[in-house]
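These notes concern the structure reproduced below.
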Amino acid sequence: MCQKQLCGGGSATKKGSCFHVVCKWRAQFLKAKMGANHFRFSNVSRLGTHRHRIEDPVQPSFLCSQSLGNCLIMSQPVAQEILTELESLRLIDPHTHINPLAAASETLADVMGYHYYTELAHSAGLSRDQIEEPGISPKEKVGRLVPWLASMENTVQYSWLLEMCQTFFGFCDERITESNWETLYDASLAKMQSPNWEQQVLEQSGLDQVYLTNDFDDPLTGFDTAFYVPCLRTDDLVFHLGKPEVRERLQKCTDVNLDDSASMKDALAKLFAHFTENNARACAISLPPNFAPRAVPASTVDTLVGKVFSGTELTESELESLSCFVFWSLAELCAEHKLPFDLMIGVNRRVFEAGVFQGQDLYDKRVSLIQYKELLNAFPQVTFPISVLSETSNQELVSYSWIFPNVVTNGHWWYSNIPVFIENHTRARLQAVPKTKQIGYYSDMYKLEFALPKFAMYRRILAKTLAQDFVVDRGWSVEKSVELGKLVLRGNVEAIFGPV
Amino acid sequence: MCQKQLCGGGSATKKGSCFHVVCKWRAQFLKAKMGANHFRFSNVSRLGTHRHRIEDPVQPSFLCSQSLGNCLIMSQPVAQEILTELESLRLIDPHTHINPLAAASETLADVMGYHYYTELAHSAGLSRDQIEEPGISPKEKVGRLVPWLASMENTVQYSWLLEMCQTFFGFCDERITESNWETLYDASLAKMQSPNWEQQVLEQSGLDQVYLTNDFDDPLTGFDTAFYVPCLRTDDLVFHLGKPEVRERLQKCTDVNLDDSASMKDALAKLFAHFTENNARACAISLPPNFAPRAVPASTVDTLVGKVFSGTELTESELESLSCFVFWSLAELCAEHKLPFDLMIGVNRRVFEAGVFQGQDLYDKRVSLIQYKELLNAFPQVTFPISVLSETSNQELVSYSWIFPNVVTNGHWWYSNIPVFIENHTRARLQAVPKTKQIGYYSDMYKLEFALPKFAMYRRILAKTLAQDFVVDRGWSVEKSVELGKLVLRGNVEAIFGPV
Amino acid sequence: MCQKQLCGGGSATKKGSCFHVVCKWRAQFLKAKMGANHFRFSNVSRLGTHRHRIEDPVQPSFLCSQSLGNCLIMSQPVAQEILTELESLRLIDPHTHINPLAAASETLADVMGYHYYTELAHSAGLSRDQIEEPGISPKEKVGRLVPWLASMENTVQYSWLLEMCQTFFGFCDERITESNWETLYDASLAKMQSPNWEQQVLEQSGLDQVYLTNDFDDPLTGFDTAFYVPCLRTDDLVFHLGKPEVRERLQKCTDVNLDDSASMKDALAKLFAHFTENNARACAISLPPNFAPRAVPASTVDTLVGKVFSGTELTESELESLSCFVFWSLAELCAEHKLPFDLMIGVNRRVFEAGVFQGQDLYDKRVSLIQYKELLNAFPQVTFPISVLSETSNQELVSYSWIFPNVVTNGHWWYSNIPVFIENHTRARLQAVPKTKQIGYYSDMYKLEFALPKFAMYRRILAKTLAQDFVVDRGWSVEKSVELGKLVLRGNVEAIFGPV
């Protein structure tokens, strides 16, 4: 039973499964704006004194502050219509870090342990030892993070947390605090322990397919690869052959004796065979800002492969040649196997070494797609869905996608995955890149529960943009705008990576 | 006779030269927003069920979807007033690629053959061979491009095409498709074959003057240089003296025996004499991101000029010295002849070598105006209207124009010529650069028909910005805001390059 | 007595201390928008014909065009409520260039002599000799600048000037012109000559504390350091030890014989002792784009200190080592004395050497916070409030503050201190940086009168952002949004630098 005091003296009371409430003032306001006499209402804040009376049914979530954004966008009639249509669309999530053997969260610690929260808590003042102390219980971990949520309540990342708790766990307060978190913890635990929790989340989130990020030596067994779609992640192969454990893993899973360029190509070919046999839909890699791939003759690396696999340390420039050779070989295999090659450009690893787990990486915005000129010209037959980490790279991404048939814009990555950048980037892409060459969004999630609030955030921004730039500024019909929205939200994912 | 079904069951019927239509729902909506009882209406999309009845006269174009943007901006009363005022202003287009001997299009292929469309079609999947097959008829070419328009209908470039077809050729459909393009082609052909088509376009576009981009060896004859104003384009001189044909052209048109720095200066002086005698108003050049001009002593290049003109290949660094010398000499001649020197900063040529004609150039955003420090300090008496290709360069352009008396902001170039960037850049310039130092816009067009939709796009954005940032946020009167708009739209062009 | 003709035939007449005016049309308009029957009104521009009748009291300033922005934001009810709350907050200005012995202006020349105006006038065409001619009277100086104000009236900097004149000197015209400036000059002079002018300005501006920027050899005497808070400015120490006068000043004020790294550390320690004994709250420095601090072993610089202090010229690389050593030593002293270290990153000095006083500096946007990786990792116990000069650096600042506990976002600096950038940067910071790690704004002022219009500009933008991104998009209550606004506007200043 969820009871909520409304400002202006009104109050909302749960009647069975839904609330009844309306705000006289808002009625006038929305009527003036919408010329409509009926609308769902949610009270945002004291906008002058006003009374409340019962009117039409509203979902409980409408009274939870997070969902108001959603509701208020709706108060703009065009964006509302578009958003409603987009919400009816089931989704494919083309890039995640889901472990298909443990896809959903088991406790709230799996949700709040996501690096977005641990790093923000750490940044706000919670010590890394407190966060990562070995052997603490999930509940203990959540309990330690909760006091720090107040300092990050302004962030969009926190809004995802609140929306998850509201939608999945019936949480109705405005904030997660030291006084209400245990109730939330227990309620969420009960939910997550229900036998088919994973299915419930997928259903509520409307997910038809979830793409994975798999290590090159992943057996890809024990899960339905038609639903959890494998993608070959290649960072280790390109950048970490200097590490003994990486070399061992490669030798072990390919059973190739690696001593020259040819044997390296054999090993890589085996990985592609294994992945494509298991329904892999993409090869993916994240790249540092200073990387500029180039073709390196086999002869140059023959000795290097031998050297590194015999345990000899390579020089900076030898490592760079080897990285380029492996990277180029991967592109050749993508061509051969008709796999798109996801490039995630611009991350510097371990910049903040004392940072929490997965909270140590940053970047250098001084990167340009011109560094990929040789690659993009050499592989016209390979599709490169490109994500950029720096928001200052978006215009280059737009321009290169506008010119190069094999470049596709791909989502809003990491430090660019916040509303102000998504908004600007979405506008630029929709204004200048062929509509068939844009993958609107991916969640990058580690646990299933995150797809819902992240896609919801993107859909609201997409609906606003379509309403403003297309319906209002260019006079498109809502239908035509919704078509475009559905294409970037889902259609292109199937066209580029393959149908469900 | 143009008949258009309206959503919500209404329909618009042509009565003589105009339509009669109104939408009840919109009436309420706009009344609420404008507090006015009369307004022109255009129906954007189904915004809930509603009926239509005849009310006041509307221009046909108001019912063509492209023009709705225009109309809907008007639904914001302040922006509407400003836009109306700005639309009454006749224009000067200070940078185009018009061939004055064939300024207007002869067929729709001249319009759709513009590289914006061929490169977007190529990017979307149409092969270059199909687009550039020798000997195909104009109609055949258009027929091949049409099926690909659907994939670029979201782009602002496509919106220009639609607006041109609506305004010049009476096209009234929402899309150009495989089923309606031939009718459009024939209708447009009839129009373009009318004897005074060029004059009709200039009249409908309100153009008082069109600036050209002329090769250094252009005879500048056969056209009215008071209307089609010559500008000396100098890319070849600064960057391509390594090419035999360029050297020959220079020797031929100047009749100078080029063997040292002095003879090079003589040759350049002759070009300036020829151009200024023919009413040239500017010297112009596009520059790669890595160019950093510097003064090079004549002695250094004496041998280089001899070497290159004797056909000897120069080294990278010799070419760089020669480029700097020629560039610096051009700046000296601009000072002497009081010509503004248009700098278009940041393009890399032939990045995508398999691209269509004029669709191969991109850029590296890692460029800074600091590279022009020595130049800007050395030539206080030369005005440098500067265009930047990367949107990330706009703040530098704003700051340098705010500080350097000889730097002027110039339009929105190429990959930055899309609404989201124009909007942000226009706001920054109007907020921080003296109003007399801003050239608002140029079309960069290859055929006359493009000025109309491109300037229309800019005017809408300018009107919105003036309404929001000046009337609303700063309390300016509409009159004062319109004054400012007219100054950047035309006044400054005459003040900086010379009066009509 | 201030009388103002209103458009639409209405007029506003001063009744005692306030105006009475209302616009019928606006009444309908705002009613429709606000659902409220009472509101303060100010007429912006002719929005169709309309009549005026007396309604409720309005402050005089409401009729001066600058303040309309303020008023019109209020016409959006949510932003209005938030702005009103934020305006009730008294301020601390955490970074200024105030001379505490002459904090307020003595004549209008002190206001208009601010480099923002002299450089814009110079950029617009007024010669430096005219501006900086020795021995001209303040009134003469203002008289020479006035004719050039028209060319900069579009700039936000001009809007500050107008708002100062309206608020402090009762100026009521729309523009400062050659025909009204003398009246303004005399009126302002009378005001500024009133005995307690400094106190009046502080009162009207609501300032509780003003931070200074002090040379390292400032005696810090003759003023109340509890109100005018000292900050140790260290540019000279890090970058200008090559200059004899700097070395002399350092030796003189520390009385240390500087000949090796140890004596250098002694000297710096003495400066910190002197400043912290005098209530210093921060160490501050502005840094060129190419600076990348690193730890330099004492042994490396031992000889360098000796060399430079014996008058020997150092090489580029020796100077770089010395700069890094001194900078690193300052960071160590900040740690020891628990002082925040303000980093102002990205300025190139003397780019435009013929520029007016303080109007010669620009920048190179090609800078990255990755250059500070070693520093930020080495000093976890030092808080670094970071300001960036290039707007393209804001996302890096947001990301580094999100990850590094010791990085705090600090205001909107110089070329980024204009509405369009403040708006985008504020949105990004509020969406992704813990709320406790953001210092919203500082004025950077040279004279006290500037705090009022600059903070007013920031508050309006902050109120808009909170209304749109938090109340509307995320459903926050106005109260909660105001809390957040007050935290970034003042709360964090006290938390980070110390309480009033």
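Proteins come first, then strands; the chains are lettered A, B, ... in the order of their sequence lines, and each starts at number 1.
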What part of [X] is in contact with chain C, defined as an atom under 4.5 angstrom from a non-hydrogen atom: side chain, backbone, both or neither?
X	answer
B/Gln371	side chain
B/Tyr400	both
B/Asn424	both
B/Ser481	neither
B/Lys435	both

* To do: Could you please spell out the steps behind the salt bridge (Lys or Arg N to Asp or Glu O under 4.0 Å) verdict for B/Arg366 and C/Asp364?
  => CA-CA 10 Å; B/Arg366 295 168 301 178; C/Asp364 180 339; over 6 Å; no
* Full working for side-chain contact (heavy atoms from CB on, under 4.5 Å) between B/Trp476 and C/Glu153 -> CA-CA 11 Å; B/Trp476 280 32; C/Glu153 68 179 4; 4.0 Å; yes
At their closest point, which heavy atom of [X] faces which heavy atom of [Y], and how far apart are they?
X	Y	answer
B/Ala428	C/Ile418	O-CD1, 3.9 Å
B/Ala432	C/Thr155	C-CG2, 3.8 Å
C/Ser123	B/Trp402	CB-O, 3.1 Å

Compare all side-chain heavy atoms of [X] with those of [Y] and state whether any distance is below 4.5 angstrom.
X	Y	value
B/Ile403	C/Tyr415	yes
B/Gln438	C/Asn154	yes
C/Lys365	B/Thr392	yes
B/Gln431	C/Gln157	no

Top contributor to chain B contacts, counting heavy-atom pairs under 4.5 Å, from [options]:
options	answer
C/Ala150, C/Ser390, C/Pro419	C/Pro419
C/Ala121, C/Ser416, C/Pro289	C/Ser416
C/Leu126, C/Val156, C/Asp361	C/Val156

* Structure fact -> Looking only at B/Asn394, B/Val433, B/Val407, most heavy-atom pairs under 4.5 Å shared with chain C are made by B/Val433
* To do: Select, from B/Lys373, B/Glu396, B/Arg429, B/Lys437, the one with the greatest count of heavy-atom pairs under 4.5 Å involving chain C.
  => B/Glu396
Let me know if [X] has heavy atoms under 4.5 Å from chain B in its side chain, its backbone, both or neither.
X	result
C/Tyr363	both
C/Arg128	neither
C/Leu389	backbone

* Pair B/Arg474-C/Glu174, salt bridge (Lys or Arg N to Asp or Glu O under 4.0 Å): steps then yes or no -> CA-CA 11 Å; B/Arg474 282 175 55 186; C/Glu174 203 181 81; over 6 Å; no
* To do: Rounded to the nearest 0.5 Å, what's the gap from CG on C/Leu362 to OG on B/Ser368? Could you check?
  => 9.0 Å
